Amino acid sequence: MTEEKTEYSISDLAKEFGITSRSIRHYEDEKLITPTRRGVHRIYNNRDRVRLQLILRGKRLGFSLAEIKEIIDLYGMEGEEKQTKRLLELITVRRESLNQQLKDIKYLLKEFDVLEAKLNAEK
DNA sequence: ATTCTAACA
DNA sequence: TGTTAGGA
C-alpha cells in the first residue's frame, strides 16, 4: 500500500516536473495556483499538483498563462460545458495563430531562396 | 540545507 | 525566467 503524499514542498514539485521553483512562484503570482502556507513556506497538496500539471500542459500547447488560468478557473464550476466551450474557442484561436506563423515561415523561406539564388548568380 | 521576498549589470 | 542578495 503505497500511501500517496498529501503535501509537497516547492522543490518537490519543481523536481518532479523539471522546472524551477522560480516558475512555480511565478504561476502563483499570476494566480494560477494558490498553495497554503505554513508560516511563510508554501505547502502544495495533490490538487495543486494537478493544477501545475494542467499549467504545464497548457504551456506545451502554446497557451498563455492568462488563458490557462481561464480554463482552470472554469473547472469545478457549475457549467462544466462552459469550460469545454471556452477551451474549444482557445484552440481555434491558437490554430489560427499557428497557421499564420506557418504562412510567415513559408514566405520567408521562399524569400531566402530568391535571395540566395541572386547571390549565387552574381559571380 | 531550504525556502522566501524583492529586485535587476 | 534567470539570478542574486539578505533573512528566517
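Given the structure is predicted, the values throughout are model-derived calculations rather than measurements.
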Student: Please give the remaining members of the hydrophobic cluster of A:L109, linking ILVMFWY side chains under 4.5 Å, ordered by chain and number.
Tutor: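 Via sub-4.5 Å side-chain contacts, A:L109 links to A:I105.
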Student: With the criterion being N/O to N/O and under 3.5 Å, what pairs connect the protein with nucleotides 2-8 of chain C, and how long is each?
Tutor:
unit_1 : atom_1 : unit_2 : atom_2 : d
C:dG2  : OP2    : A:T20  : OG1    : 2.7
C:dG2  : N7     : A:R22  : NE     : 3.3
C:dG2  : N7     : A:R22  : NH2    : 3.3
C:dG2  : O6     : A:R22  : NH2    : 2.6
C:dT3  : O4     : A:R22  : NE     : 3.2

Student: What do the steps show when you test A:D113 against A:K118 for salt bridge (Lys or Arg N to Asp or Glu O under 4.0 Å), and what is the final call?
Tutor: CA-CA 9 Å; A:D113 285 340; A:K118 288 184 177 179; over 6 Å; no
Student: Throw together a table of side-chain donor-acceptor distances under 3.5 angstrom for residues 8-19 of chain A, partners on residues two or more places apart or in other chains.
Tutor:
unit_1 : atom_1 : unit_2 : atom_2 : d
A:Y8   : OH     : A:N46  : OD1    : 2.7
A:S9   : OG     : A:S11  : N      : 3.4
A:S9   : OG     : A:S11  : OG     : 2.9
A:S9   : OG     : A:D12  : N      : 3.1
A:S9   : OG     : A:D12  : OD1    : 3.4
A:S9   : OG     : A:D12  : OD2    : 3.2
A:D12  : OD2    : A:S9   : N      : 2.8
A:E16  : OE2    : A:R49  : NH1    : 2.4

Student: Does a donor on one side chain and an acceptor on the other come within less than 3.5 Å for A:N120 and A:E116?
Tutor: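 Absent: no donor and acceptor within the cut-off.
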Student: Quick one: list whatever passes side-chain hydrogen bond (donor to acceptor under 3.5 Å, both in side chains) with A:T6, sequence neighbours left out.
Tutor: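 For A:T6, no residue satisfies side-chain hydrogen bond (donor to acceptor under 3.5 Å, both in side chains) once neighbours in sequence are set aside.
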Student: Would you call A:D48 and A:N45 a side-chain contact if the rule is heavy atoms closer than 4.5 Å?
Tutor: yes
Student: Could you pull out the closest heavy-atom pair between A:I43 and A:P35, with the gap in Å?
Tutor: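 Distance-wise, the nearest heavy atoms are O-CB, 3.4 Å.
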Student: Roughly how many Å is it from CZ in A:R38 to P in B:dT3, rounded to a whole number?
Tutor: 13 Å
Student: Between A:E7 and A:R47, is the closest basic N to carboxylate O distance under 4.0 Å?
Tutor: no
Student: Mind checking the P distance from B:dT2 to C:dG6? Whole angstroms is fine.
Tutor: 22 Å
Student: Which heavy atom in A:E30 sits nearest to a heavy atom in A:L65, and how many Å separate them?
Tutor: CG-CD1, 3.9 Å
Student: Salt bridge or not between A:E89 and A:R86? Use side-chain N to carboxylate O under 4.0 Å.
Tutor: yes
Student: Using a 6.0 Å cut-off, check whether atom CZ of A:R38 has over 12 heavy atoms from anything other than its own residue.
Tutor: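 No, CZ of A:R38 has 12 or fewer neighbouring heavy atoms, counting only those of other groups under 6.0 Å.
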Student: Where along residues 7-17 of chain A does a heavy atom fall under 4.0 Å from DNA chain B?
Tutor: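 Nucleic-acid contacts, sorted: A:S9, A:I10, A:S11.
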Student: Please identify each residue that fulfils side-chain hydrogen bond (donor to acceptor under 3.5 Å, both in side chains) with A:E80, with sequence neighbours left out.
Tutor: none
Student: Does anything in residues 25-33 of chain A come within less than 4.0 Å of DNA chain C? Heavy atoms only, and list the residues if so.
Tutor: A:H26, A:Y27
Student: Quick one, which residues of residues 51-60 of chain A touch DNA chain C with a heavy atom under 4.0 Å?
Tutor: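 When residues 51-60 of chain A is checked for heavy atoms under 4.0 Å from DNA chain C, the hits, listed by number, are A:K59.
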Student: Dot-bracket, 5' to 3', for DNA chain C please: Watson-Crick or G-U pairs under 3.5 Å, [ ] where pairs cross earlier ones, | where the partner sits on another strand, dots elsewhere.
Tutor: .|||||.|
Student: Please list, chain by chain and in numerical order, all residues satisfying side-chain hydrogen bond (donor to acceptor under 3.5 Å, both in side chains) with A:K82, sequence neighbours excluded.
Tutor: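 With sequence neighbours excluded, A:K82 shows a side-chain hydrogen bond (donor to acceptor under 3.5 Å, both in side chains) to no residue whatsoever.
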Student: A:H41: which residues meet the side chain to side chain contact (heavy atoms under 4.5 Å, CB included) condition with it, sequence neighbours left out?
Tutor: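 So A:H41 forms no side chain to side chain contact (heavy atoms under 4.5 Å, CB included) with any residue.
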Student: If you link I, L, V, M, F, W and Y whenever their side-chain heavy atoms are under 4.5 Å apart, who else ends up in the same group as A:L119?
Tutor: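 Listed partners: A:L115.
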